[in-house]
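Values reported hereafter were calculated over all heavy atoms of this structure, with side chains retained and with hydrogens, waters and symmetry mates removed. Note on naming: letters A, B, ... go to the chains in the order of the sequence lines (proteins, then strands), and numbering restarts at 1 for each one.
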There are 2 protein chains.
Amino acid sequence: MLAPSTRPVVLDPHGAGNACAHCDARSHSVCNAVPDSDIARLAAIATVSHAQPGTTLIQEGDPATHFFNISAGTVRMYKLLPDGRRQITGFAGMGHFLGLAVSDTYAFSAEAIDTVRYCRFSRARVRTLLDDYPAMEKRLLEVASTELVAAQDQMLLLGRKTARERLASFLMTQSRQGVFCHGTRAQFVLPMSRGDIADYLGLTIETVSRTFTKLRSEGFIDIPSATEITIRAPVALEGMATGMG
Amino acid sequence: MLAPSTRPVVLDPHGAGNACAHCDARSHSVCNAVPDSDIARLAAIATVSHAQPGTTLIQEGDPATHFFNISAGTVRMYKLLPDGRRQITGFAGMGHFLGLAVSDTYAFSAEAIDTVRYCRFSRARVRTLLDDYPAMEKRLLEVASTELVAAQDQMLLLGRKTARERLASFLMTQSRQGVFCHGTRAQFVLPMSRGDIADYLGLTIETVSRTFTKLRSEGFIDIPSATEITIRAPVALEGMATGMG
DNA sequence: CGCCGTCATTGATCCAGATCAACGCCGGAC
DNA sequence: GTCCGGCGTTGATCTGGATCAATGACGGCG
């Protein structure tokens, strides 16, 4: 056993090392509920991994053995019907926490869209950690509540909005949360394909493509390349997104 | 001040009295995280109320000052678009907990469908209570996680299922959670109107009605009255609900 | 009892978005 | 370079469910 020090060095057999202390995503994630002084405890149960585009992180129905925390890249969460119809329930980016579930199996699948860096935590060990850090449990409840609100918004979108309104909503959300170019929120990159957007918005690829084209021809947006969007009329789009356009 | 006793009698000015100790809904709700011995503390911060059909319990956008716990009856939660389009995000029955939100305003509205009995708790007081009963915080996280899973299922329904599949899903859920007649799960009452069902499933009243009629003419269900349903072919309906029919 | 308002059902028609079908663009393999 | 495969766009057509329009079934109330 090493002598105690103010910030113990932890040698992690899984390769996480002291990763948590220097993790860019920590301040964006539930991990910030663990104080600096105890960060090594968090690092000790974390395994840092990478996933290439298209890799499955979570398979719906598999035993829910781990939690995941995304530290870079974007993940799509989705559910399938037996004939292949897919509904993407959300995209998870930096700081996003995955795997909340009461059931002992995962309720959805998750795949890397681009190259993803993530931490994996065993559920059993996280449970132990939660007993010592009630603040983390509170943070998880916050996260779950926030996601619940987002899910309700998405239900309104899927149940009652037109294709145009869905795309406008999607673009406004992306411009708030997305990956930015040139330091401005008005221009950003879409890491996901048209097919992903369609399956997220309950539409087809063709309708997504046509609606993008229409919004461009009307001057609301610009599409420098298939993966880049510039918002030209944020106020008008916001109105459209909320059903007033 | 009264002398201490093993089970103090609490005189509640709001009329809750010792209500929690005898509450039918307690075992179905987050309140069961508070032990019997301390139930008076819970009762002290609860206000029992009744709401007539159509009454608004929660108005979207209002300051989120209270939590609610439904002890009898059914509530509809919903969101509106400015032009009146409505999406019902869920129905809350006995034991259901309402008002989880990080934001300081409610993210949805809630109305009584039939006569509803409920408890109201000030958020600030619940927060204090949570600090003393971590088990209750855990229960809330469980509740939120369960609802998140249900919300993801509903997104799949709204985004990708046909009208027929939506109705079948709805009926199977109701037959699991609903109000039963004659002690069998195969026959139950629908407390909500066709309009509510339509706004829950992202359809119109007419499509709901036509699809019910079709399912009846095909022998999958019986409709003794507009508010009663008998499941005749549960296996076939379950298959239909999961996209295999 | 009969009137009336609300809700559900049913029928006729319409249309937003799905489906079917090319075609263009770009990037990676060789 | 050019071949090839995946993705995105665009056009033509189709269709499930929406919309428009009656009509029927209750239940509450005077």
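Considering only heavy atoms from C-beta on, A:Phe212 comes within 4.5 Å of A:Ile197 through its side chain. Residues B:Tyr118 and B:Asn69 fail the side-chain proximity criterion, which asks for heavy atoms closer than 4.5 Å.
Applying the side chain to side chain contact (heavy atoms under 4.5 Å, CB included) criterion to A:Thr146, with sequence neighbours excluded, gives B:Val102. In this structure, the salt bridge (Lys or Arg N to Asp or Glu O under 4.0 Å) partners of B:Arg76, at least two apart in sequence or on a different chain, are B:Glu111, B:Asp196. Under the salt bridge (Lys or Arg N to Asp or Glu O under 4.0 Å) criterion, B:Arg164 pairs with B:Glu218, sequence neighbours left out. Here A:Ser225 pairs with A:Thr227, A:Glu228 under the side chain to side chain contact (heavy atoms under 4.5 Å, CB included) rule; sequence neighbours left out. Under the salt bridge (Lys or Arg N to Asp or Glu O under 4.0 Å) criterion, B:Glu142 pairs with B:Arg139, sequence neighbours left out.
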Hey, can you pull the donor-acceptor pairs under 3.5 Å for the side chains in residues 230-245 of chain B, sequence neighbours left out?
unit_1	atom_1	unit_2	atom_2	d
B:Arg232	NH2	B:Asp222	OD2	2.7
B:Thr242	OG1	B:Glu238	O	3.0
B:Thr242	OG1	B:Gly239	O	3.1

Please output the side-chain donor-acceptor pairs of residues 48-68 of chain A that fall under 3.5 Å, not counting sequence neighbours, one pair per line with the distance.
unit_1	atom_1	unit_2	atom_2	d
A:Thr55	OG1	A:Gln52	N	3.3
A:Thr55	OG1	A:Gln52	O	2.5
A:His66	NE2	A:Arg120	NH2	3.4

Per-pair distances, 0.1 Å, donor-acceptor, side chain in residues 148-155 of chain A, under 3.5 Å, sequence neighbours excluded:
unit_1	atom_1	unit_2	atom_2	d
A:Asp153	OD1	B:Lys79	NZ	2.9
A:Gln154	NE2	A:Tyr200	O	3.1

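For the helix from C:dC1-D:dG30 to C:dC30-D:dG1, the angle separating the two terminal helix axes comes to 30°, with each axis derived from five pairs and the value rounded to 10°.
The nucleotide range of DNA chain C contacted by chain B, defined by atoms under 4.0 angstrom from heavy atoms of the protein and reported 5' to 3', is C:dA8 to C:dA12. Protein chain A touches strand DNA chain D; the 5'-most and 3'-most nucleotides with an atom under 4.0 angstrom of its non-hydrogen atoms are D:dG8 to D:dA12.
Residues A:Gly195 and B:Thr162 both approach DNA chain D. Their nearest nucleotides, taken by heavy-atom distance, put A:Gly195 toward the 5′ side.
What you find for A:Gly202 and A:Gln87 is that their closest heavy atoms are CA-OE1, 4.2 Å.
Under a 4.0 Å N-O distance rule, the pair B:Arg160/A:Asp199 qualifies as a salt bridge.
For the segment residues 199-216 of chain A, the set of residues with a heavy atom within less than 4.0 Å of an atom of DNA chain C comprises A:Gly202, A:Leu203, A:Thr204, A:Glu206, A:Thr207, A:Arg210, in numerical order.
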